[in-house]
Amino acid sequence: MDELLDREYDVVIVGAGPAGSSAAKILAAKGVKTLVVDKRQEIGAPKRCAEGISCGGMKKTGLKPDPAWAMQEIKGSIVYSPAGRSLIVKTEDIGGYVVERKIFEKHLARDAINAGARYMVKTLATGVIKEEGIVCGIKAEYMGKEHTIRSKIVIAADGTDSRIARSAGLDTSNPLKDYHSGFQYEMAGLKNCDPEMLHIYFGNGLKLVSYIWIFPKGRGTANVGIGMIGKHSEQGNKARECLDRFIEKHPEIFADASPIEINTGGIPVGSAIDTMAIDGMMVVGDAAHQVNPIHGGGIILAMHAAQMAAEVAASAIAAGDYSRERLCEYENRWRESDGVKVQRLLKLRLFLEKLEDKDLEMFFSLLTSEDMMRIVEGDYKFLTIKLMKNAPRILPLAKKFLI
Ligand SMILES: Cc1cc2nc3c(=O)[nH]c(=O)nc-3n(C[C@H](O)[C@H](O)[C@H](O)COP(=O)(O)OP(=O)(O)OC[C@H]3O[C@@H](n4cnc5c(N)ncnc54)[C@H](O)[C@@H]3O)c2cc1C
């Protein structure tokens, strides 16, 4: 297979996750000679994900549910306050699916390959090649041998802490305050947990906790996980202990359940990096921190950004212009579309993180399900009016972060 390496392509994509394969499919369909490399020996595994995607997001990216990977249809979410008050959030767009990501990613790759893209797995990109300051390919290792792959454009879709973007001089670092460490069990044997709803628990008495989730996958299985600010191993342990305590506290759900997988991973929740395109290179998905800052969901954002990047890359290839000026159109498109909502949700995250459990409880008491639906869309201006009337104590915080 290594004859696919040491060649010249129009575009080389590093990373065969949702972002990389979405870009590859569009590029290949437009006749752009595209190679995707991934360091994993199996696309999709191991998963680092709770596997939830929304119907709204699927519509936006043109994804149709396929029974091969769409494991459980979801009708909405139930959001629980620290004291157990619950709010149901249900709209057509809030519904969605919990997917089997190991299969989902392979399907995305297969679609790209059927469109004409080439793939190499177990191929580690070690850095970019630059000539006169312009990125013009990558160095990669496959089966212990080094290879040089030249291209007009490199797309870094290599996930959080992107090594490839960094090797080109971009700052993709994650300050601890903007990094969630996720710890999750996939469990079987759950009971008394509505399988058509995502269950999201806030609070839990530990200020650092972002939230705990139960994302049902059908037949009594679910992803049960926790997202916590910061990346220290100590906090990784805290996250696991906190999740274990939560499981113990809910015997009605977990008494007969056991883990069938453990998943860990980091989530960049601080909004997108400043520069997503340079001469000869674009950065997409988690590599560009294109993640929902509230719940860490990034599959759809990654796919949508990658689709925009691929459109721009294809037209740049056609025009023979791979300069930052040309590729920047992608960055601008992203900032004007998904970027607006992500920025708003970042402010909301910073506000929520400052609240103690008792504040969160009071905050929940003021909200209706309709309010919650507006908030998840990044529309929260109305909140300050509600807080002014009912919770003047946290109004200064709201003014600081939400206005
Ligand atoms: C615990 C947890 C739960 C989550 N739950 C959800 C959820 O329910 N819904 C949701 O939408 N999002 C969720 N996310 C976030 C989601 O997983 C990511 O946003 C999404 O995977 C981003 O896709 P991507 O293609 O940008 O990156 P990735 O999926 O990370 O793909 C990057 C790819 O690049 C490859 N790669 C990396 N470096 C190199 C290299 N040097 N050379 C070659 N290949 C390389 C990797 O092997 C990988 O295949 C969760 C994340 C975590 C950690």
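Read the numbers this way: they start at 1 and go in the same order the structure lists the ligands and their atoms.
What sits closest to atom 45 (C) of ligand 1 on the protein, heavy atoms only, is Lys39 CG, 3.7 Å. Atom 25 (O) of ligand 1 has as its closest protein heavy atom Ala19 N, 2.9 Å. The closest protein non-hydrogen atom to atom 47 (O) of ligand 1 is Asp38 OD1, 2.7 Å. Distance from atom 32 (C) of ligand 1 to its nearest protein heavy atom, with residue and atom name: Ala157 O, 3.4 Å. Distance from atom 22 (C) of ligand 1 to its nearest protein heavy atom, with residue and atom name: Asp286 OD1, 3.3 Å. Residue, atom and distance of the protein heavy atom nearest to atom 11 (O) of ligand 1 are Ile299 N, 2.9 Å. For atom 52 (C) of ligand 1, the closest non-hydrogen atom of the protein is Arg48 O, 3.2 Å. For atom 15 (C) of ligand 1, the nearest non-hydrogen atom of the protein is Gly296 O, 3.4 Å.
Close N/O approach between Glu51 and ligand 1 is found [any backbone or side-chain N/O within under 3.5 Å]. Considering backbone and side-chain atoms alike, Gly182 places every N or O at 3.5 Å or more from each N or O of ligand 1. Between Arg40 and ligand 1, at least one N/O pair is under 3.5 Å apart. For Pro18, a nitrogen or oxygen atom sits less than 3.5 Å from a nitrogen or oxygen atom of ligand 1, counting backbone and side chain alike.
The environment of CD in Gln41 is sparse: at most 12 heavy-atom neighbours from other residues, nucleotides or ligands sit within 6.0 Å.
Exactly one of Ile153, Ile134, Val11 qualifies for a side-chain contact (heavy atoms from CB on, under 4.5 Å) with Tyr322. That residue is Ile153. For the side-chain hydrogen bond (donor to acceptor under 3.5 Å, both in side chains) with Glu51, the lone residue among Gln72, Lys217, Lys102 that qualifies is Lys217.
Rounded to the nearest 0.5 angstrom, Asn223 CG and Met187 CE are separated by 11.0 Å. Rounding to the nearest 0.5 Å gives a distance of 12.0 Å between CD1 of Ile113 and OG1 of Thr34.
Counting heavy atoms only, Ala125 comes closest to atom 40 (C) of ligand 1 of the residues Ala288, Ala125, Gly227. Atom 38 (N) of ligand 1 has its nearest heavy-atom neighbour, among Asp158, Val121, Ile164, Ile267, in Asp158.
Contacts between Cys49 and ligand 1 below 4.0 angstrom, taking non-hydrogen atoms only, involve backbone and side chain alike. Heavy atoms of Gln290 found under 4.0 angstrom from ligand 1: none, in either backbone or side chain. At a heavy-atom distance under 4.0 Å, no atom of Ala306 approaches ligand 1.
The pair Lys152-Asp10 counts as a salt bridge, with a side-chain nitrogen and a carboxylate oxygen less than 4.0 angstrom apart. Ion pairing of Glu141 with Lys39 is absent here, as no side-chain N (NZ or NE/NH1/NH2) approaches a carboxylate O to less than 4.0 Å. Between Arg118 and Glu3, no side-chain nitrogen of the basic residue sits less than 4.0 Å from a carboxylate oxygen of the acidic one, so the salt-bridge criterion is not met.
Nearest heavy-atom pair across Ala305 and Tyr330 is O-CE1, 3.4 Å. Contact detail for Ala309 and Met282: the closest heavy-atom pair is O-CE, 3.3 Å.
Using modelled atom types, one finds no donor on one side chain facing an acceptor on the other under 3.5 Å when comparing Gln307 with Ser22. When only modelled atom types and interatomic distance are considered, Asp244 and Tyr185 share a side-chain donor-acceptor pair under 3.5 Å.
Residue Gly225 places no heavy atom under 4.0 Å from ligand 1.
Residue-ligand proximity, Gly265 to ligand 1, at heavy-atom distances under 4.0 Å covers atoms 53 (C). Within ligand 1, counting atoms from 1 as listed, the ones closer than 4.0 Å to a heavy atom of Phe215 are 8 (O). Near Thr123, meaning under 4.0 Å from one of its heavy atoms, ligand 1 places the atoms 42 (N), 43 (C). Atoms of ligand 1 found under 4.0 Å from any heavy atom of Gly52 (numbered from 1 in listed order, with element): 7 (C), 8 (O), 9 (N), 10 (C), 11 (O). Distances below 4.0 Å separate heavy atoms of Gly159 from the following atoms of ligand 1: 27 (O), 30 (O), 32 (C). Numbered from 1 in the order shown, with element, the atoms of ligand 1 that lie under 4.0 Å from a heavy atom of Gly285 read 26 (O). Close contacts of ligand 1 with Arg101, meaning ligand atoms under 4.0 Å from a residue heavy atom, involve 16 (C), 17 (O), 20 (C), 21 (O), 29 (O). Against a heavy-atom cut-off of under 4.0 Å, Gly15 is close to the following atoms of ligand 1: 33 (C), 34 (O), 35 (C).
Between His250 and Phe246, the ring planes lie tilted relative to each other; the angle falls in the 30° to 60° range.
The side-chain hydrogen bond (donor to acceptor under 3.5 Å, both in side chains) search around Tyr80 returns His199, not counting sequence neighbours. When the side-chain hydrogen bond (donor to acceptor under 3.5 Å, both in side chains) test is applied to Asp371, the partners found at least two apart in sequence or on another chain are Thr368, Lys386.
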